[in-house]
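Report on one structure; see the data block that follows.
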Amino acid sequence: MKTFILGMLSVVFFATANAQPKIGSQAPEIVLKDKEGRLKTLSSLKGKVVLVDFWASWCVPCRKSNRQMVPLYRKYQSKGFEIYGISLDEDPADWQKAVATDRIKWWQVNEAGWNAPNALAWGIEQLPTSFLLDKDGRIISIDPTQVELEKYLQQALQ
């Protein structure tokens, strides 16, 4: 019985330690380098509406989402919208090729694999996964649809 209880406690601890951040909570900090080696900190985007987007080049739904985001980003970027894209590609060359092919102009960083520190801190279990942050860096939506995202941007960035 003692072994069973200890085992259950470790499962609960593991699930809690790797749980996704909750709506209303402050977004965990991210500090990663872009392809030019410049540090990109999530906290430096405070004051903007930010979509934190975890994706990978091999993920078909991710690539579709990238293409759908291009016109939305173009429309709202100058009004205070930013996307912080985090590729979980193991091979940085695959990531960079996808960024070029998809014509991504927003912030892009790479952190290899599902066990990367930020993927674990944000509880990433599937791709794509995105988090919409308000201007104060609080999570206001998880995996918003394109319609939900644009509706929020229209209201928040008038």
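Nothing fancy with the numbering, it's 1 onward along the sequence.
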Do Phe131 and Pro21 have side chains that approach each other closer than 4.5 Å (heavy atoms only, starting at C-beta)? yes

Residues clustering with Leu39 (ILVMFWY side chains joined when closer than 4.5 Å, directly or via others): Val31

Parallel, tilted or perpendicular: which one describes the rings of Trp58 and Trp114, with boundaries at 30° and 60°? tilted

Smallest heavy-atom separation, Arg103 atom then Val70 atom, equals O-CG2, 3.9 Å

Which label fits Trp122 and Phe54: parallel for a plane angle under 30°, tilted from 30 to 60°, or perpendicular past 60°? tilted

Gap separating the NZ atom of Lys40 from the CD1 atom of Ile86, nearest 0.5 angstrom: 13.0 Å

Between the side chains of Ser57 and Asp89, does any donor sit under 3.5 Å from an acceptor? yes

Please check if Val50 and Ile30 belong to a single hydrophobic cluster, counting links between Ile, Leu, Val, Met, Phe, Trp and Tyr side chain heavy atoms closer than 4.5 Å. yes

Under 3.5 Å donor-acceptor, Thr101 side chain and Lys97 backbone: yes

Show your working on side chain to side chain donor-acceptor pair (under 3.5 Å) between Gln108 and Trp55 and close with a plain yes or no. CA-CA 10 Å; Gln108 278 295 319; Trp55 70 287; 3.1 Å; yes

Counting distance only, does the side-chain N/O of Gln26 pair as donor-acceptor with the main-chain N or O of Gly137 below 3.5 Å? yes

Please confirm whether the backbone N or O of Gln146 pairs with a side-chain atom of Gln68, one donor and one acceptor, at under 3.5 Å? no

Between atom CG of Leu133 and atom CD of Glu82, what is the distance when rounded to the nearest 0.5 Å? 11.5 Å

Is Ile140 reachable from Leu51 through a run of I, L, V, M, F, W or Y residues, each pair having side-chain heavy atoms under 4.5 Å apart? yes

Roughly how far, to the nearest 0.5 Å, is OG of Ser87 from CD of Gln96? 9.5 Å

Quick check on ring-ring contact (aromatic ring centres under 6.0 Å, His included): which of Tyr76, Tyr73, Phe81 does Trp106 satisfy it with? Tyr73

With sequence neighbours left out, which residue pairs that include part of residues 135-158 fulfil the salt bridge (Lys or Arg N to Asp or Glu O under 4.0 Å) condition? Lys75-Glu150

Does some side-chain heavy atom of Asn110 sit less than 4.5 Å from a side-chain heavy atom of Leu32? no

Ile104-Val109 co-clustered via ILVMFWY side chain contacts under 4.5 Å: no

Would you give the length of the straight line joining atom OG of Ser141 to atom CG of Asp134, rounded to the nearest 0.5 angstrom? 11.5 Å

Out of curiosity, does Ile83 fall in the hydrophobic cluster containing Leu72 (side-chain heavy atoms, cut-off under 4.5 Å, transitive links)? yes

Given Leu132, which partner from the list Ile23, Ile142, Ile139, Val49 fulfils the side-chain contact (heavy atoms from CB on, under 4.5 Å) test? Val49

Minimum heavy-atom separation for Pro144 and Ser130, please, with both atom names. CD-OG, 3.5 Å

Ring geometry between Tyr84 and Trp107 (parallel below 30°, tilted from 30 to 60°, perpendicular above 60°): tilted

Measuring only between side-chain heavy atoms, which start at C-beta, is Asp53 closer than 4.5 Å to Thr129? no

Would you compute the distance between atom CG of Leu127 and atom CG of Leu88 and round it to the nearest 0.5 angstrom? 5.5 Å

Measure the spacing between NZ of Lys35 and CZ of Arg38 and express it to the nearest 0.5 Å. 9.5 Å

Linked, directly or transitively: Leu157 and Leu149 (ILVMFWY side chains, under 4.5 Å): yes

